[in-house]
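Data block below; observations after.
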Amino acid sequence: MRKLLADAAHTLVPPRGDRHGPLPPLLLTLTVVTGLVDAVSYLGLGEVFVANMTGNVVLLGFALAGAAGLSAPATAVSTAAFLVGAVAGGRFGGRFAGHRGRLLASAMSVQVVLVTAALVTATLADDGPADPVRYTLIVLLGLAMGLQNAVVRRLGVPDLTTTVVTQTLTGLASDSTPAPAPNSTPNPTPSSAPGSPRDSAADGGAGLRRGRRILSVLAILLGALVGALLLRVSLTLVLGVALALLATAALVTRRLSATDAAWVRP
């Protein structure tokens with residue numbers, strides 16, 4: 001328990017010299033934003049995800065089968081927007097490959113523009129999101145989430161994907177098993193894969209990242225919970241909160257990125 005709490009504390013307030021510097025708390029902020037945005041899309045825009053593409057592909061299958069209340073065009077548009085955003089994120093990753101701080105700051109600045117456009121669009125729709133407004137919001141938010149997902153993947157901070165918690169939950173459960181006996185020979189793990197021995201050594205070991213994993217799950221849960229509650233007031237309120245978090249994180253990241261500290265390097 002002490003190690004778990006220590007890891008959670010180090011994730012929220014990274015110690016000096018940490019390999020990933022301030023990236024973990026910044027990515028936790030983006031994880032909360034993911035929960036807020038998916039609350040907007042699923043509960044406010046007609047049961048479609050703009051960040052959780054696993055769920056979205058499943059919903060598309062249901063919709064194609066004729067399940068009531070689901071829209072195949074909406075889920076297809078959301079997936080397409082996400083992919084376009086991911087392509088843009090890949091371009092950002094190539095352009096800022098040598099400086100992770102500038103990469104994240106630039107990506108979040110674009111996200112701020114996209115979510116601002118979504119907020120303005122929703123505000124101008126006095127009678128609620130009719131189809132044109134609904135699809136506009138889906139596209140804008142899908143682009144923002146695709147961009148985020150691609151950039152976070154390029155940053156390579158273990159257990160903080162900001163949009164997917166399936167692997168995080170799997171890691172929490174599977175890594176809780178006892179370590180193999182000294183004479184046993186575990187299956188080799190590619191050194192470049194997340195969770196590999198090299199990766200674990202650089203980040204304190206898989207067992208020492210349980211606090212980070214729990215925080216990641218709680219962050220997306222918190223975003224979804226707050227988003228669902230605020231939707232009872234208005235959709236624009238949820239987008240406003242998401243925008244405030246993104247803008248604050250973007251400003252902090254840009255300020256912290258004005259350095260050549262070790263964490264900015266890939």
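Please read these numbers as outputs of a predicted model, since none were measured by experiment.
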Practice task
State plainly whether one hydrophobic cluster holds both Val164 and Leu143, where clusters connect Ile, Leu, Val, Met, Phe, Trp and Tyr through side-chain heavy atoms under 4.5 angstrom apart.
Solution key: no

Practice task
In sequence, state the C-alpha distance, the side-chain angles, and the governing distance for Val37 and Val33, and then conclude on side-chain contact (heavy atoms from CB on, under 4.5 Å).
Solution key: CA-CA 6 Å; Val37 169; Val33 171; 4.0 Å; yes

Handout entry: Exam field: side chain Asp38 to backbone Phe49, donor-acceptor pair closer than 3.5 Å
Key = no

Practice task
Dump the intermediate steps for side-chain contact (heavy atoms from CB on, under 4.5 Å) on Val226 and Val238, then the final yes or no.
Solution key: CA-CA 8 Å; Val226 172; Val238 187; over 6 Å; no

Practice task
Check the pair Val157, Arg100 against side-chain contact (heavy atoms from CB on, under 4.5 Å), reporting the backbone distance first and the verdict last.
Solution key: CA-CA 11 Å; Val157 181; Arg100 295 194 297 173; 4.3 Å; yes

Exercise for the section: Under the side-chain contact (heavy atoms from CB on, under 4.5 Å) rule, what do Leu229 and Leu225 come out as? Steps first, then yes or no, please. Expected result: CA-CA 6 Å; Leu229 292 174; Leu225 174 63; 4.1 Å; yes

Problem - Close side-chain approach of Pro158 and His20, heavy atoms under 4.5 Å - result: yes

Exercise for the section: May I ask you to test the Val133-Thr136 pair for a side-chain heavy-atom distance under 4.5 Å? Expected result: no

Practice task
Using the rule that two of Ile, Leu, Val, Met, Phe, Trp, Tyr join whenever any of their side-chain heavy atoms come within less than 4.5 Å, decide whether Val87 and Val57 are in one cluster.
Solution key: no

Problem - Cluster check Val152, Val264: I/L/V/M/F/W/Y, side chain < 4.5 angstrom - result: yes

Handout entry: Path from Leu141 to Leu83 over hydrophobic side-chain contacts below 4.5 Å
Key = no

Exercise for the section: Taking all heavy atoms of Ala150 and all of Ala86, pick out the closest pair and write down the distance. Expected result: CB-O, 3.4 Å

Problem - Sub-4.5 Å side-chain heavy-atom contact between Leu12 and Pro25 - result: no

Exercise for the section: For residues Leu218 and Leu222, determine if any side-chain heavy atom of one lies less than 4.5 Å from a side-chain heavy atom of the other. Expected result: no

Practice task
Please name the pair of heavy atoms, one in Ile138 and one in Ala81, separated by the smallest distance, quoted to 0.1 Å.
Solution key: O-CB, 4.3 Å

Handout entry: Ser109 and Arg254: side chain donor to acceptor below 3.5 Å
Key = yes

Problem - Nearest atoms (heavy-atom pairs only) where Leu237 meets Ser234 - result: N-OG, 3.1 Å

Exercise for the section: Hey, could you give me the CG/CG distance between Leu235 and Leu137, rounded to the nearest 0.5 Å? Expected result: 6.5 Å

Practice task
Could you grab the distance from atom OG1 of Thr162 to atom CG of Leu27, nearest 0.5 Å is fine?
Solution key: 6.5 Å

Practice task
Considering non-hydrogen atoms only, spot the tightest contact between Val50 and Phe82 and give its length.
Solution key: O-CD1, 3.4 Å

Completion exercise
Note: Ala88 and Leu147 closest approach over all heavy atoms is C-CD1, 4.0 Å

Problem - Thr75 side chain to Ser71 backbone, donor-acceptor under 3.5 Å - result: yes

Practice task
Can you measure from CZ (Arg95) to CZ (Arg102) and round to the nearest 0.5 angstrom?
Solution key: 11.5 Å

Practice task
Step through the shown structure and confirm whether more than 12 heavy atoms of other residues, nucleotides or ligands are within 6.0 Å of OH on Tyr135.
Solution key: yes

Handout entry: Whether His99 and Trp263 hold their rings parallel, tilted or perpendicular, with breakpoints at 30° and 60°
Key = perpendicular

Practice task
Please answer whether the main-chain N or O of Val48 pairs with a side-chain N or O of Ser41 as donor and acceptor at a distance below 3.5 Å.
Solution key: yes

Handout entry: Atom pair CG/CZ of Leu104 and Arg154 - distance to nearest 0.5 Å
Key = 13.5 Å

Handout entry: Hphob cluster co-occupancy, Leu243 + Leu245, side-chain heavy atoms under 4.5 angstrom
Key = yes

Problem - Any side-chain heavy-atom pair of Arg213 and Val165 under 4.5 Å - result: no

Handout entry: Distance-only polar pair, side chains of Thr163 and Thr161, donor-acceptor under 3.5 Å
Key = no

Practice task
Ignoring hydrogens and angles, tell me if any N or O in the side chain of Ser257 forms a donor-acceptor pair with the backbone of Gly101 under 3.5 Å.
Solution key: yes

Practice task
Look up atom CG in Leu59 and atom CG in Leu70, then write down how far apart they are to the nearest 0.5 Å.
Solution key: 5.5 Å

Problem - Spatial distance of atom CD (Gln167) from atom OG (Ser174) [nearest 0.5 Å] - result: 9.0 Å

Handout entry: Side chain to side chain, Leu215 and Leu28, heavy atoms closer than 4.5 Å
Key = yes

Exercise for the section: Kindly indicate whether the side chain of Val77, heavy atoms from C-beta on, has any atom under 4.5 Å from the side chain of Val139. Expected result: yes

Handout entry: Thr34 versus Gln148, side-chain donor and acceptor atoms under 3.5 Å
Key = yes

Exercise for the section: Please determine if Asp159 and Arg212 form a salt bridge, counting it only when a charged side-chain N lies under 4.0 Å from a carboxylate O. Expected result: no

Handout entry: Close side-chain approach of Ser78 to Met53, heavy-atom, < 4.5 Å
Key = yes

Exercise for the section: With Thr116 as reference, evaluate Leu114, Val112, Val113 under the side-chain contact (heavy atoms from CB on, under 4.5 Å) test and give the passing residue. Expected result: Val112

Exercise for the section: Look only at the side chain of Glu47 and the backbone of Tyr42, and say whether a donor-acceptor pair between them is shorter than 3.5 Å. Expected result: no

Problem - Any donor-acceptor pair under 3.5 Å from Arg134 side chain to Leu45 backbone - result: yes

Completion exercise
Tightest non-hydrogen contact, residues Leu239 and Ala118, listed as CD1-O, 3.9 Å

